[in-house]
Amino acid sequence: MFPMHLEKVYEPQRFEPRWAQWWVESRLFECRTDAPGTVFSLVIPPPNVTGSLHMGHMLEHTEIDATIRWRRMLGYKTLWLPGTDHAGIATQMVVERELAKEGLDRRRLGREEFERRVWQWKETYGGTIKRQMIRLGASCDWSRERFTLDPGLSNAVREVFVRLYEKGLIYRGEYMVNWCPRCQTALSDLEVVREDTPGNLWHIRYPVNGLDRFLVVATTRPETMLGDTAVAVNPRDERYLGLHGRTVRLPLMERDIPIIADELADPEFGTGVVKVTPAHDPNDFEAGRRHNLPKIQVIGENGSMTSEAGRYAGLDRFEARRRVVADLEDLGLIEKIEPYQVALGKCQRCKTVLEPLVSTQWFVRTKPLAEPAIRAVEQGRIRFIPETWTKVYFEWMHNIRDWCISRQLWWGHRIPAWYCADCSATTVARTTPERCPRCAAPRLEQDPDVLDTWFSSALWPFSTLGWPEDTEDLRTFYPTSLLITGFDILFFWVARMIMMGLECTGEVPFREVYIHGLVRDAERQKMSKTRGNVIDPLEVTEKYGTDAVRLALLMGAAPGTDIVLTEERMESARNFANKIWNAARFLFLNMERCGVTPCLPEPGEREMLEDRWIFSRLTRCAEAANRALEQYRYHDLAQALWQFLWHEFCDWYVEIKKLRFRENSGLTADWRNVLFVFERALRLLHPAMPFLTEELWQRLAAGEAARPASIALAAYPQPDAPYLDEAAERDMALLQEIIIAVRNLRAQMKVDPKAPLEGALYAQNRALDLARGHAEVIRRLANVELSFHAGTAPRGEGVLRATPDFDLVLRVPATQLEALRRRLEKEIRQLESVIASSRRQLEDREFLSRAPAHVTEGIRSKLADYEAQLIKSRSALEALPPA
RNA sequence: GGGCGCGUAGCUCAGUUGGUUAGAGCGCCUGCUUCACACGCAGGAGGUCGUAGGUUCGAGUCCUGCCGCGCCCACCA
């Protein structure tokens, strides 16, 4: 069988998995450090190891892959480093849920056994991401795949921790943190999601000791009153000047607590009196420090009331709230209850209402790290695209707060700190110490906590390349060239990578950051599991083909915008792939018929107008594609390729070539041109649609001995100045105009498409020569038999279509003229209005003196065209037989 | 409470520094089984660019107010 035989219908399922596998097996994308070329490197934003890919990943990976493939084809030494993140809380939650199904929990299992179970889980499900990425065509270097808990990366984590500790940039202390009672761990500020929730503002009366009056405090959390250790008034608030130093009787607890003067109380808000609960509110915590107030913790780590809560001990915090309010009401101490919106802090992962608690945690002092990170962006050493994210970055960095990095979890990087059981000294070290450096006691206990997942992610661009060792990889690929990621992790990840990269390596981790949009569904809704509107990449990939989904994503991926992904869009992208497939099929069938063997030909002579034209258009397409990729304008890339391949190559070039083939009963010498252009177009398309292009290209190249192993290693076509041919583009446009004019009239006259029309074309010089020279093309593509004449059509000839370049006279049945008449009238109306406004402009002295010459000249020459057109349209209308 | 973004054809969106009848895909209408493709071919309709002002010789594009929508950040009980 001929090697180039293609099935009639494009069925990507037949070949996509095959190429995906081959790309990996042939190690095509493994990058040697001694390879030639300038470096272009990028590290993947590591997906959660236990997860599976969603559309957001697919968008991200498609954009990365298109860029990486393009750079590789440009000859760069190109690395896309893949890998996954251990995702502390998320993974631990998943495994705990599994354990729960077996009736187990991690505490009963013990730390060691639990960790073993998580690793086991990782081994079983951690490969999903990789398999999916391979299937989606990601051209990454799997020999350099990394996981944040790999030994090397763990080593980097420890190194950074120790260095920062020694520099005083990591400290341990007792502060108020966001505590998740369900996850049983502290969280950083970023892991708190605020949700506006309807609640109440309870106004509670506190009796003032020694006076017959109350102070009324307002609170959204009445249960915390059990832990009040003061009430505060503003020092300048004249209403309460006399009360400073007095005490109030704390209801329910029957404790006396002082009235303090502090800025905490805003005289404008409520009664101007605020209860102070240093153990359960960040502001109160600070106030408590200022006034040396005791902290009474009434809510425990599990979210229920502690023994300090008296008779409420053991109750869930929300139940305690109900009871406290009820009891206060019984005592007549509730002044009023107002409905009130509160921004409740919830756990990002499990949506449990967080509890601010005082606890001892590890923190990163961020200010000293933020300053160089801000400067790097200010100085343009890192550039955000779209630029608008720069502002967001600065905003956050300027107001950065210390980062709580300890988590009370078991899955992650254990904090390298040991506490001596004898002298209680803290030792932070790279390797596990045998004895306490201070008192030499051997009884050391390692801190049980692990680090925030994002701590290791922050090191990703260099820890994956071997840091802190001075490796060949690090020297070659760091700093990386580009980061492509989503705005949702700008603070979590991007900002911290910049801080850590500068601190640890003295260099920026990447030079550019392209921030992509969100994938949304047809209703512009964010895709989410709870909404049930997720599109599963593997499902649609199976249905439409990976290439089609990739193209559908790219078509919508304009910088700074979200990406709307619909079935229709994927379907039309699939149709595009099918179109390319069939164009190839047509070419291959003709080659087969003429005994041309598969090859990558040099171009033949360009004698024919259509050859000169398509080469010129190819060059413009190459220009547009390169520019689009350079600027991350993926939608422009898709658009340029679509326009060129479908509407220029297929619709016109191949259609004309069909005639040539037929004239010569087969391929003529110019088959070289057809194949040449098609092969170049495949290469241009490859970054967007790697599978289809590889499949077709391999068939084309089958007979070539000296050739790259894959289209992925072929050169990306560059604009080729000698191919630019303005005259050919102008002539082709005119030829198209003539053909379209005839087709248009035929359709309007409702002439049977199969019945040949007869007519005459009047034109001057160049246009006339052109039309005469392409009489056969016009005849076949428009199904019209034209005679050609110099000059313009005589009056009364029945001109049906007139342009500045030609008059077209067609013999058509005198029926159906009404539609034509209306059309001409409309055309005349439009022309008149454009001419009027152009004239007005050209008579405006202000305009003439201020507008640049090329604008006025442009308008002047257009006006001449409009006027000529108007005259012709008017005479065409007059020449129509009366209705 | 601050900050950002959006409102362009029935739908989803482009429109790079203000400049010459505002574009695409899908959908819609008409006609075609033309020997690569009906996942197709040919033709067509459809927009006073949210609104009111302003700057300018010239505004979809720049500025201001307003209306509608979305997002991010924020310790005021």
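Please read all numbers here as calculations on a predicted model, not as lab measurements. In what follows, chains carry the letters A, B, and so on, assigned in the order in which the sequence lines appear, proteins first and then strands, with residues in each chain numbered from 1.
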Note to self: Taking the minimum atom-to-atom distance to the side chain of A/Phe586, which one of B/G40, B/A36, B/U21 wins?
What the structure shows: B/A36

Margin query: For A/Lys275 and A/Thr224, which I'm curious about, is there any donor-acceptor pair between the side chains at under 3.5 Å?
Written below: yes

Note to self: Both atom distances under 3.5 Å, Watson-Crick or G-U wobble: I'd like the secondary structure of RNA chain B as a dot-bracket string, with | for pairs made across strands.
What the structure shows: (((((((..((((.....[...)))).(((((.......))))).....(((((..]....))))))))))))....

Checklist line | Residue A/Lys8, side-chain atoms from C-beta onward, closest of B/A36, B/C37, B/A42 | finding: B/C37

Checklist line | Lys/Arg N to Asp/Glu carboxylate O, A/Glu843 vs A/Arg839, below 4.0 Å | finding: no

Check: At under 4.0 Å, does any side-chain N or O of A/Tyr866 touch on OP1 or OP2 of B/U21?
Finding: yes

Polar-atom pairs under 3.5 Å, protein N or O versus N or O of nucleotides 68-77 of chain B: list them with distances, or write none.
| residue | atom | partner | partner atom | Å |
| --- | --- | --- | --- | --- |
| B/C75 | OP1 | A/Arg401 | NH1 | 2.6 |
| B/C75 | OP1 | A/Arg401 | NH2 | 3.2 |
| B/C75 | O2' | A/Asn283 | ND2 | 2.8 |
| B/C75 | N1 | A/Asn283 | OD1 | 3.4 |
| B/C75 | O2 | A/Asn283 | OD1 | 2.5 |
| B/C75 | O2 | A/Asn283 | ND2 | 3.2 |
| B/C76 | N3 | A/Asp266 | OD2 | 2.6 |
| B/C76 | N4 | A/Asp266 | OD2 | 2.9 |
| B/A77 | OP2 | A/Tyr340 | OH | 3.0 |
| B/A77 | O2' | A/Ala218 | O | 2.7 |
| B/A77 | N6 | A/Asp266 | O | 3.0 |
| B/A77 | N6 | A/Phe269 | O | 2.6 |
| B/A77 | N1 | A/Asp266 | N | 3.0 |

Check: Rounded to the Å, how far apart are A/Asp752 CG and B/U34 P?
Finding: 12 Å

Next item on the list: Figure out the CE/P separation between A/Met749 and B/G43, and round it to whole Å.
Entry: 16 Å

Checklist line | Value in whole Å for how far the P atom of B/G44 lies from CD of A/Glu827 | finding: 12 Å

Note to self: Nearest heavy atom decides the nucleotide; on that basis, is A/Asp636 or A/Val654 closer to the 5' end of RNA chain B?
What the structure shows: A/Asp636

Check: Among the nucleotides B/U21, B/C4, B/G43, which one has an atom lying closest to any side-chain atom of A/Lys391?
Finding: B/C4

Next item on the list: Report the C-alpha distance between A/Phe214 and A/Tyr206 in whole Å, list the side-chain angles of each, state the deciding distance to 0.1 Å, and finish with yes or no for ring-ring contact (aromatic ring centres under 6.0 Å, His included).
Entry: CA-CA 5 Å; A/Phe214 295 112; A/Tyr206 287 9; 9.6 Å; no

Checklist line | Same-atom distance (C1') from B/C32 to B/G50, integer angstrom | finding: 42 Å

Item checked: Heavy-atom check, side chain of A/Asn234 versus side chain of A/Asp266, under 4.5 Å -> no

Item checked: Minimum-distance nucleotide (side-chain atoms of A/Lys754 versus B/A36, B/C39, B/U33) -> B/U33

Identify the pairs formed between an N or O of the protein and an N or O of nucleotides 46-48 of chain B at a distance under 3.5 Å, and give each distance.
| residue | atom | partner | partner atom | Å |
| --- | --- | --- | --- | --- |
| B/G46 | OP2 | A/Lys826 | NZ | 3.0 |

Next item on the list: Let me know the distance between CG of A/Leu842 and P of B/G19, rounded to the nearest Å.
Entry: 18 Å

Next item on the list: Spell out yes or no: do the side chain of A/Glu655 and the base of B/A42 have one donor N/O and one acceptor N/O closer than 3.5 Å?
Entry: no

Notebook entry, point to check: B/G5, B/C37, B/G15: which one has an atom nearest the side-chain heavy atoms of A/Lys658?
Noted result: B/C37

Notebook entry, point to check: Is the closest side-chain donor-acceptor distance between A/Gln841 and A/Ser838 under 3.5 Å?
Noted result: no

Notebook entry, point to check: Looking at B/U21, B/A42, B/G15, which one has an atom nearest to any side-chain atom of A/Asp651?
Noted result: B/A42

Note to self: Checking contacts here: which listed nucleotide (B/C57, B/A36, B/G43) is nearest the side-chain heavy atoms of A/Asn744?
What the structure shows: B/G43

Note to self: Could you tell me if the side chain of A/Ile260 sits less than 4.5 Å from the side chain of A/Leu293, heavy atoms only?
What the structure shows: yes

Note to self: Given B/A42, B/C57, B/C39, identify the nucleotide with an atom nearest to the side chain of A/Ala851.
What the structure shows: B/C57

Check: Considering only B/G40, B/C57, B/U21, which nucleotide approaches the side chain of A/Asn575 most closely?
Finding: B/G40

Check: Can you check whether A/Leu6 reaches A/Arg699 side chain to side chain, under 4.5 Å on heavy atoms?
Finding: yes

Check: Choosing from B/U21, B/U12, B/G40, which nucleotide comes nearest the side chain of A/Arg569?
Finding: B/U12

Notebook entry, point to check: Would the number of heavy atoms belonging to other residues, nucleotides or ligands and lying under 6.0 Å from CZ of A/Arg236 be above 12?
Noted result: no

Note to self: Nearest heavy atom decides the nucleotide; on that basis, is A/Asp562 or A/Arg860 closer to the 5' end of RNA chain B?
What the structure shows: A/Asp562

Checklist line | Donor-acceptor pair (no angle test) under 3.5 Å: A/Lys579 side chain, B/C37 base | finding: yes

Margin query: Assess whether a salt bridge exists between A/Glu630 and A/Arg627, defined as any Lys/Arg side-chain N lying under 4.0 Å from an Asp/Glu carboxylate O.
Written below: no

